[in-house]
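Both ligands and their constituent atoms are indexed starting at 1 by order of listing. Just so you know, these numbers use all the heavy atoms, side chains as well, and skip hydrogens, waters and symmetry mates.
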Amino acid sequence: VREVDHSPYAPALIESMRAVGYSLESAVADIVDNSISAGARLIRLRFSPYDEPYVAIIDDGSGMDPGELKEAMRHGSQNPNDERSPDDLGRFGLGLKTASLSQCRQLTVATLKGGQLSAARWDLDVIATTERWTLLLLDQQEIWKLPFFDVLQSQGRGTLVLWRALDRLSLGEESVEAGLGEGMVRVREHLALVFHRFLSQDGHRRGIEISVNEDPVPPRDPFLIWHKATQTLPEERIRIAGSVVAVQPYILPHYSKLAPKELELAGGEEGLRRQQGFYVYRNRRLIIWGTWFRLARQEELTKLARVRVDMPNSLDHLWTLDIKKSAAHPPIEVRQGLRRIVERIAEGSRRVYTYRGRKASDDRIVHVWERVEGRLGISYRINREHPMVRSITNGLDDSDLILFESVLKGLEEMFPAEALYADMASDKRHVRQWPEPSEEDLADLAGQLLDACGGDPTLRSNLLSNLGLLEPFSHVPDITRAIVARMQDGR
Ligand SMILES: Nc1ncnc2c1ncn2[C@@H]1O[C@H](COP(=O)(O)OP(=O)(O)O)[C@@H](O)[C@H]1O
Ligand SMILES: [Mg+2]
């Protein structure tokens, strides 16, 4: 055999690598990863679609000296098989270049470390011309002219990543302006979620700040940990290859317990269902979410469950992490542990649904339907003591009473429990028996119940003062108060 050096043809390879499949938001996130790994506390994203459109990411991290910068600009600056420091969010030695050049044709990195200012540039058009891996090194005067150079200077350290010639952002859009504006909304949301544990204080660690055009990005915690109705299940730790994968399941509150704003944070009613599943973090950075890894079906009944999985970067090789850090598949040892946990939490999530409305001991409401837990299971019965029922039974003689009782029994036996269950579990729409009763209907009903008391003044005043505890009145306290006030006035 004979060995020959056979390096790739630069113009073709660098153009092809643009199609790795980064989205604008995953590309930005990859740059932010680098800033966080460099110890940045403040990461500013700035963009402008005007004049010479740009996207800039400026951090106050360690920065690089000229030698480090040149190495960082190399494709494959680090072997993916190298061991990384436990806080490092990088892996392939590609992100800075491939993420950037997936969105733009010109990448400039300027950096300041130990008083040394340096900048380097990849320009796809230059590479097309020279047909080589031609890296441009900027001289000092050129660096001074870069936008946000002053920010670097005032920080005394840090790195500026500048994207220009944003050809991908106007693709399929009316203009760069439209593409960039719309894209940055997604970027904001993506950063808020993916880096939420960095954006807020996490244990002892101080938070970092990310802003988009000077507007701070708030953390978006997918578990709603701060909500008092969120259930935190016991944490489990799976040991594998000398490292620990920590698994922390949460059951989110039923959507009826969420304020509109909170529901929106949880992804809306639809998102609540679609975004159930595992949330896998690599060094506290969210890489993949809303999947059960086919260990469970995406079910309506597990939709409240979200499971935080913390994996260290030492297990990258087992998780088969992809370059964009947007896909990873759990290794078999972890899958077994996860399967157990899924089964347990599906059970818990189911309970949040089915136990809702269960008669609590301090529930003083007189329900129309009563939930009865019997030996043979759970059944629903019409409450014979409810004044609505009493208003009829009180006036019946024995033979009619027997007839009426068999009617009630018949209704109860025919209660379409299975159909209701299937509807609740499969359909996004709510099951609704009637339109909400109107104030007029309720006033009529109250009048009928009052009439059924006959002339007994104690019965009448008892009914009026307890009307708010009676279904359906208990669901609309304001209307009921108004009705009671009117009836007490004798109107
Ligand atoms: N913002 C930054 N601050 C300091 N160093 C950086 C920054 N961005 C990139 N680097 C350096 O460049 C290297 C290459 O980055 P990258 O291509 O994203 O690959 P990776 O993150 O996998 O190492 C990093 O390992 C780091 O040493
Ligand atoms: Mg990186």
Side chain, backbone, both or neither: the part of S77 lying under 4.0 Å from ligand 1 by heavy atom: side chain
Contact partition for T159 relative to ligand 1, non-hydrogen atoms under 4.0 Å: side chain
Closest non-hydrogen atom pair, E235 against A246: OE2-CB, 3.7 Å
Q106 and W163, any side-chain heavy atoms less than 4.5 Å apart: no
Cationic N near anionic O, under 4.0 Å, R186 to E189: no
Proximal candidate to atom 21 (O) of ligand 1 [heavy atom criterion; set D30, I31, N34]: N34
Near the Mg ion (ligand 2) (under 2.8 Å) - protein N, O or S atoms: N34 OD1
For atom 4 (C) of ligand 1, closest protein heavy-atom neighbour: A38 CB, 3.4 Å
Element-labelled atoms of ligand 1 that are located less than 4.0 Å from some non-hydrogen atom of G90: 20 (P), 21 (O), 22 (O)
Side chain, backbone, both or neither: M64 near ligand 1, heavy atoms under 4.0 Å: side chain
Output field: ring centroids F92/H75 closer than 6.0 Å: no
Pairwise side-chain contact, V161 with S100, heavy-atom cut-off 4.5 Å (strictly under): yes
Aromatic ring pairing W144/F149, orientation class (parallel under 30°, perpendicular over 60°, tilted between): tilted
Contact list for residues 23-63, test ring pair (Phe, Tyr, Trp, His ring centres under 6.0 Å), sequence neighbours left out: Y54-F148
Residue F92 vicinity, atoms of ligand 1 by number, heavy atom under 4.0 Å: 22 (O)
Heavy-atom proximity to atom 19 (O) of ligand 1, best of A72, G93, G76, S100: G93
For R84, the ligand 1 atoms whose distance to one of its heavy atoms is below 4.0 Å: 20 (P), 22 (O), 23 (O)
Nitrogen or oxygen of G95 less than 3.5 angstrom from that of ligand 1: yes
For atom 16 (P) of ligand 1, the protein heavy atom that lies nearest, with its residue and separation: L96 N, 3.5 Å
L94, portion touching ligand 1 at heavy-atom distance under 4.0 Å: backbone
Atom indices of ligand 1 within 4.0 angstrom of K97 heavy atoms, with elements: 14 (C), 17 (O)
Electrostatic pair D125-R105, nearest N-O below 4.0 angstrom: yes
Ion pair check, D316 and R91, cut-off under 4.0 Å: yes
Non-neighbouring partners of E262 that pass side chain to side chain contact (heavy atoms under 4.5 Å, CB included), sequence neighbours left out: W226, H227, L258, A259
Atom 27 (O) of ligand 1 protein-contacted (non-hydrogen atom, under 4.0 angstrom): no
Salt-bridge criterion met for E236 and R340 (N-O under 4.0 Å): yes
Side chain to side chain donor-acceptor pair (under 3.5 Å) partners of R168, counting only residues at least two apart: none
Stepwise salt bridge (Lys or Arg N to Asp or Glu O under 4.0 Å) check, R308 with D310: CA-CA 6 Å; R308 192 177 78 194; D310 272 309; 3.5 Å; yes
Which residue and heavy atom of the protein sit nearest atom 1 (N) of ligand 1, plus the separation: D59 OD2, 2.8 Å
Residue portion contacting ligand 1 (non-hydrogen atoms closer than 4.0 Å) for M73: neither
Salt-bridge criterion met for D215 and R188 (N-O under 4.0 Å): yes
Heavy atom of protein closer than 4.0 angstrom to atom 6 (C) of ligand 1: yes
